Amino acid sequence: MTSDLPPARLRVAPSPTGDPHVGTAYMSLFNLAYARKTGGAFVLRIEDTDRARYQADSERQITETLRWLGLPWDEGPDVGGPYAPYRQSERLDTYRPYVDRLVADGHAYYCWCTPERLAELRKSQERSKASVTGYDRLCLGKTREERALLPGFQETPVVRMLVPDDVPLVFDDLIRGSVAAPRPDDQVLLKTDGFPTYHMAVVVDDHLMGITHVVRGEEWISSTPKHLLLYGWLGWDAPAFAHMPLLRNTDRSKISKRKNPAARLLWFVEQGYLPEALRNFLQLLAYPPADDESEISTFDEFVEGFEWTKINTVGPIFDLDKLNWLNGTYIRNLPVAELGERLVDFVRTHQRPLTVAESAVVYGAAAMLQPRLVLLSDALDQLTFALTPDADLVIDEDARSQLTDAAPGVLDAAVATLEALPEFTHEAIDEGLRTTLVEGLGLKPRVAFAALRVAVTGRKVSPPLFESMALLGKESVLARLRSLRASL
RNA sequence: GUCCCCAUCGUCUAGCGGCCUAGGACACCGCCCUUUCAAGGCGGUUGCGCCGGUUCGAAUCCGGUUGGGGAUGCCA
């Protein structure tokens, strides 16, 4: 499936600041596709330069969820690789010399302004509706001693880049062609805590790790001139850039965990989505189906036809309808045994513990549930009747109210018929009951079977009656039929 | 405020000057099938934001306008 394109090295670089974000998976998918298409490599790098937002558990969640999704990386913090370490916090010594060099070359300068001074500066610029905003370069060209005499001074400086007036603002984008970006501010490169900012770290690491294609969200377009400046100052070739459209909430804003539970990658795991369905869905966002006939396609098919220019520039709204349909379709396409296994596994890890007998019930229900599931989590509710002891079965009021005058007769006849059945398969049950109730008593199937459904499941709506009976077993079914009969 | 990006059914998309009285998918609505619910089959409603221009001809090119989004952080 590799093409004759030169092997590309791509990376995804999430920040461990909480639950993995769905955008990380989206970026990973497209990164990985191109890496595979060119026979190159896909790298996972952890961008943990923000100490304040760092969450220890986050990296594990990121790797687990991306693995769950089936998007494996060739190099990363957990698997190693020729450019280790792959955690930016472990690369602090790597960045320092480059920062020093930029300062020495006059491309960057120290800034001793306090965060308070900066905040005030920003506020006053906002108030005066100034057309030029950003740092006022108070520290530029001053020594520590000179600056110390002025207000808003702090002992530990940051390092800022000195953006020249003629900074190039136009660059080529694999998806958008020629793109113009805003003029950057004198961006901080090294923070007071000694950590580089994203802008410094990303350029150094991408270069050192041999990244050939930077694929990231559209929100980074405005930062690209800064990065290009850095590449130039450091004497490095810049990689190719592809700015992906931003996933959006239904209100069209950038997708966020606050407004959209689906912004959390873990949410899909918890809900019972199939990773292959989510992958297929993500692939369809801002990207045409691989095949005219169907929107269902494998990762390999996606890779085969992959082209940057096919990616749309419009940020797609993350709408669950199509994903739900895809998930149901993928569930239906699963071999029954595998669905059974996934169901048992899902219920156990995300819903409730299962005894051995209960696991067998869930596993055995796979075939009858298959066309009825949108999510794996849907199974449990539909199987309530089968996981409830006969004596504890509750007959819902709206179910009981469906019972007609024919119910007692139906229940009696059903008990007699089922008792006499040599084998308790759904085919045998079907045939037996149809013979006695429909042909024998002359009842409409609808009427006859409704009463039995109520007795066996306690509900108005349930999985197919005969399969449900077979799943439950003869003894249990008879007990339930007698129980409802007795209550009439 | 300033700068940048973007604009086809409700949603995801096809379209890259004539094949478009705009195609597909999801959702929605009917009908069929049917023991309930699904699944499946068949059919249907819905869209090129607006105004100019270029052209024999515009969803497709250009300008403007409106609308949406993003950036403007010692967050990424």
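Predicted model, so just to flag it, every value in this text is computed and none were measured. Residue numbers start from 1 in every chain, and the chains themselves are labelled A, B, ... in the order their sequence lines are given, proteins ahead of strands.
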Inset, instruction - For A39(B), give its Watson-Crick or G-U wobble partner with both distances under 3.5 Å, or none. - result: none

Legend entry - Lys/Arg N to Asp/Glu carboxylate O, Arg137(A) vs Asp186(A), below 4.0 Å: yes

Inset, instruction - Looking at every strand, decide which applies to Ala450(A) at a 4.0 Å heavy-atom threshold: base, sugar-phosphate, or nothing. - result: nothing

Inset, instruction - State whether Glu47(A) and Arg87(A) are salt-bridged, where the test is any N-O pair (Lys NZ or Arg NE/NH1/NH2 against Asp/Glu carboxylate O) under 4.0 Å. - result: no

Legend entry - side chain to side chain donor-acceptor pair (under 3.5 Å) involving Gln187(A) - partner list, sequence neighbours excluded: Lys226(A)

Inset, instruction - Using the P atom as the reference point in each nucleotide, state the distance between C33(B) and G69(B) in Å, no decimals. - result: 48 Å

Inset, instruction - Considering just the side-chain nitrogens and oxygens of Asn312(A), establish if one lies under 4.0 Å of OP1 or OP2 belonging to A7(B). - result: no

Inset, instruction - Measure from CZ on Arg183(A) to P on C4(B) and round the result to the nearest Å. - result: 13 Å

Legend entry - Nucleotide opposite A25(B) in a Watson-Crick or G-U pair, distances under 3.5 Å: U11(B)

Legend entry - Phosphate OP1/OP2 of G68(B): any Arg248(A) side-chain N/O under 4.0 Å: no

Inset, instruction - Check ring-ring contact (aromatic ring centres under 6.0 Å, His included) between His21(A) and all other residues, then give those that pass, not counting sequence neighbours. - result: none

Mind listing the N/O atom pairs, protein and nucleotides 60-65 of chain B, below 3.5 Å?
none

Legend entry - Rounded C1' spacing from C31(B) to G24(B) in Å: 22 Å

Inset, instruction - Please work out if Ile317(A) contacts a base, only the sugar-phosphate, or nothing of the nucleic acid, heavy-atom cut-off 4.0 Å. - result: sugar-phosphate

Legend entry - Summary of protein contacts for nucleotides 42-50 of chain B, nucleotide by nucleotide, where a base hit scores B, a sugar-phosphate-only hit scores S (4.0 Å, heavy atoms): ---------

Legend entry - Between A25(B) and G41(B) - P atom distance, rounded Å: 11 Å

Inset, instruction - Inspect the contact between Asp378(A) and Arg372(A) and indicate whether a charged nitrogen and a carboxylate oxygen are less than 4.0 angstrom apart. - result: no

Legend entry - Cationic N near anionic O, under 4.0 Å, Arg342(A) to Glu276(A): yes

Inset, instruction - Quick one: sort the Phe302(A) and Tyr287(A) rings into parallel, tilted or perpendicular, breaks at 30° and 60°. - result: perpendicular

Legend entry - Pair Arg91(A) + Asp205(A): basic N to acidic O under 4.0 Å: yes

Inset, instruction - Quick one: label Arg459(A) by what it contacts on the DNA or RNA (base, sugar-phosphate, nothing), any heavy atom closer than 4.0 Å. - result: nothing

Inset, instruction - Assign Phe281(A) to base, sugar-phosphate, or nothing according to its heavy-atom contacts below 4.0 angstrom with the strands shown. - result: nothing

Inset, instruction - Take nucleotides 70-76 of chain B nucleotide by nucleotide from the 5' end and write B, S or -, depending on whether a protein heavy atom sits under 4.0 Å from the base, only from the sugar-phosphate, or from neither. - result: SSSSBBB

Inset, instruction - Provide the Watson-Crick or G-U wobble partner of A71(B), both distances under 3.5 Å; none if there is no partner. - result: U2(B)

Inset, instruction - Could you work out the separation of C61(B) and U55(B) based on their C1' atoms and round it to a whole Å? - result: 10 Å

Inset, instruction - Could you check whether Pro463(A) gets within reach of a base, just the sugar-phosphate, or nothing at all, counting any heavy atom under 4.0 Å? - result: base

So which protein nitrogen or oxygen atoms get under 3.5 Å of nucleotides 22-32 of chain B's nitrogens or oxygens?
from	atom 1	to	atom 2	distance (Å)
G24(B)	N2	Glu295(A)	OE2	2.9
A25(B)	O4'	Glu295(A)	OE2	3.3
A25(B)	N3	Lys322(A)	NZ	3.0
C26(B)	O2'	Asp321(A)	O	3.3
C26(B)	O2'	Lys322(A)	N	3.3

Legend entry - Pairwise C1' distance for G23(B) and G15(B), with rounding to whole Å: 8 Å

Legend entry - Nearest-Å distance once atom P is located in both G49(B) and U8(B): 6 Å

